[in-house]
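The block underneath contains the structure these notes are about, expressed in structure tokens.
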Amino acid sequence: MIAIAELKTGVIFGDNNTCEYVYMPASEIGVENPLCVYENNGQRSDVDLSEALRLIRVRALRQVKHPVLGSSSC
């Protein structure tokens, strides 16, 4: 899936209107079972890759510029 490859290169998916973001931190890139971060309403939680993909799909998140991280988590 394209979203997996994009997450693994530091692409941030989200919605700037709802302040909702999913991304893989740079420290997780290249790890066998990486964790991703899900941000919503200022709260952060770790999610596995399958949950990150589900959130991207269900929430219809697109590639965005994060207010703090910018356009990449790397």
Less than 4.5 Å apart, side chain to side chain, heavy atoms only: is that true for [X] and [Y]?
| X | Y | answer |
| --- | --- | --- |
| Glu20 | Glu39 | no |
| Ile12 | Val22 | no |
| Arg59 | Phe13 | no |
| Ser45 | Val37 | no |

Going by atom types alone, do Tyr21 and Asp15 pair a side-chain donor with an acceptor below 3.5 Å?
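Their side chains do not contain a donor-acceptor pair, so the 3.5 Å distance test is not met.
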Can you tell me if Gln43 and Tyr38 form a side-chain donor-acceptor pair at under 3.5 Å?
no
Measuring from atom [atom1] of [X] to atom [atom2] of [Y], what distance do you get when rounded to the nearest 0.5 angstrom?
| X | Y | atom1 | atom2 | value |
| --- | --- | --- | --- | --- |
| Asp46 | Glu51 | CG | CD | 12.0 Å |
| Leu49 | Arg54 | CG | CZ | 13.5 Å |
| Cys74 | Met24 | SG | CE | 9.5 Å |

Are Val31 and Val11 connected, step by step, through hydrophobic side chains (Ile, Leu, Val, Met, Phe, Trp, Tyr) whose heavy atoms are closer than 4.5 Å?
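No; tracing contacts between hydrophobic side chains, which count when under 4.5 Å, never links both residues.
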In terms of hydrophobic clusters joined by side-chain contacts under 4.5 Å, are Ile4 and Leu55 together?
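Yes, one cluster joins them.
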Consider side chain to side chain contact (heavy atoms under 4.5 Å, CB included). Of Val47, Leu7, Asp48, Val58, which one does Leu53 pass it with?
Leu7
Should the pair His66 and Tyr23 be assigned to parallel (<30°), tilted (30 to 60°) or perpendicular (>60°) ring geometry?
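Judged by the thresholds at 30° and 60°, the geometry between His66 and Tyr23 is perpendicular.
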Shortest non-hydrogen contact from Pro25 toward Cys36:
CD-CA, 4.2 Å
